[in-house]
Amino acid sequence: MLEISQLRAGYGAINVLWDVSLSIQKGKLTTIIGPNGAGKTTLLRAIMGLLPVEAGSIALDGVAINGTPTWKMSDARVTMIPEGRMTFRDMSVEENLIMGAFPKEHRSHMPARLAEAYAMFPRLHERRRQLAGSLSGGEAQMLAMARGLMSDPSLLIIDEPSLGLAPLVVNELFEILARLNDGRRTIILVEQNTARAVGVADHVYLMQSGKVALSQAALDVDLEHLHALYFAR
Ligand code: ATP
């Protein structure tokens with residue numbers, strides 16, 4: 001569904017990604033793991049059109065999307081849930097969800113999508129009138145994910161959802177990620193929680209210093225080997 005080939009991108013004179021190639025399969029959950037600074041977020045920014053591509057290509061369903069402005073990515077039904085959640089703190093939970101389906105083409109689906117979101121995240125239904133700014137970290141992450149789903153994306157990109165969450169909440173989060181991986185949507189999950197990410201994924205990419213160090217079906221991953229590679233510099 002998403003083919004990235006020989007991608008080079010970075011920040012002005014600083015190149016971060018070196019000939020990165022990935023193949024994201026439709027209806028599957030692909031996790032991209034790697035230590036701090038490996039270039040995971042930079043890769044996501046390049047996919048979302050937030051960074052210029054220096055060389056290589058990014059194609060979605062066979063169509064090149066290099067250089068597509070970020071605001072147009074929702075036309076291609078690509079949604080990113082950024083690190084740090086970015087909810088609207090002064091709006092209620094429900095208003096945040098409605099914002100997720102704000103573009104005109106989604107509005108007629110709003111009631112059905114809202115019902116689906118509440119079915120998947122019952123706690124958000126309980127808290128629907130509460131300001132997003134008053135939610136716990138875990139609830140805010142659920143809200144960010146539910147808001148991302150409101151536009152029914154064909155490709156959902158989730159950047160470091162477990163960051164800063166308590167262990168019990170992390171368990172809950174990964175249960176939800178496993179449920180989201182039902183074959184109906186394509187998901188890219190960037191995570192530092194290696195074992196958990198591999199546990200919910202179909203395919204695993206390990207990034208190291210701006211390069212792909214490993215590409216493997218999740219079922220074939222040997223965690224010990226993965227950790228050895230992860231910490232190799
Ligand atoms: P993390 O888990 O810490 O977010 P990451 O794998 O997502 O790590 P990136 O954020 O993509 O890594 O960073 C990759 C490299 O790019 C790092 O060396 C970082 O210092 C550099 N970098 C990130 N943002 C910028 C920027 N705005 N300007 C210059 N360099 C940057």
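Counting starts at 1 for both ligands and their atoms, in listed order.
Residue E160 approaches ligand 1 through these ligand atoms, each under 4.0 Å from one of its heavy atoms: 2 (O). Every atom of ligand 1 with a heavy atom of R45 under 4.0 Å away is listed here by number and element: 24 (N). If you number the atoms of ligand 1 from 1 as listed, the ones under 4.0 Å from a heavy atom of Q192 come out as 2 (O). For ligand 1 and T42, the ligand atoms under 4.0 Å from any heavy atom of the residue are 9 (P), 11 (O), 13 (O), 14 (C). Heavy-atom proximity to A38, at under 4.0 Å, picks out these atoms of ligand 1: 5 (P), 6 (O), 12 (O). Distances below 4.0 Å separate heavy atoms of P35 from the following atoms of ligand 1: 6 (O).
When each of T79, D61, I187, L60 is tested with L155 by the rule side chain to side chain contact (heavy atoms under 4.5 Å, CB included), just one qualifies, namely L60.
Atom CG of D90 has 12 or fewer neighbouring heavy atoms from other residues, nucleotides or ligands inside a 6.0 Å radius. When the shell of 6.0 Å around CZ of R123 is examined, it contains 12 or fewer heavy atoms from other residues, nucleotides or ligands.
Residue contact annotation: G39 has a non-hydrogen atom under 4.0 Å from ligand 1.
The two residues Q208 and P35 make their nearest non-hydrogen contact at OE1-CG, 3.8 Å. Shown here for M207 and L43, the closest heavy-atom pair between the two residues is SD-CD2, 3.9 Å. Across all non-hydrogen atoms, the minimal contact from S21 to Q6 is OG-N, 2.9 Å.
Considering only non-hydrogen protein atoms, atom 1 (P) of ligand 1 sits nearest to N36 OD1, 3.7 Å. In terms of protein heavy-atom proximity, atom 30 (N) of ligand 1 is closest to Y11 CD1, 3.4 Å. Protein heavy atom at the shortest distance from atom 18 (O) of ligand 1 is G37 O, 4.2 Å.
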| task | Check the pair E116 / L149 against side-chain contact (heavy atoms from CB on, under 4.5 Å), numbers first and verdict last. | result | CA-CA 9 Å; E116 269 178 55; L149 288 165; over 6 Å; no
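Contacts between T41 and ligand 1, counted as non-hydrogen atom pairs separated by less than 4.0 Å, involve both the backbone and the side chain.
Of the protein's heavy atoms, at least one falls inside 4.0 Å of atom 23 (C) of ligand 1. Distance remark: protein heavy atom not present below 4.0 angstrom from atom 20 (O) of ligand 1.
The pair R127-E139 meets the salt-bridge criterion, since a charged nitrogen lies less than 4.0 angstrom from a carboxylate oxygen. A salt bridge does not link D19 with K211: none of the charged nitrogens is closer than 4.0 Å to a carboxylate oxygen.
Residue contacts with ligand 1: V16 is placed with no nitrogen or oxygen under 3.5 Å of a nitrogen or oxygen of the ligand (distance criterion only).
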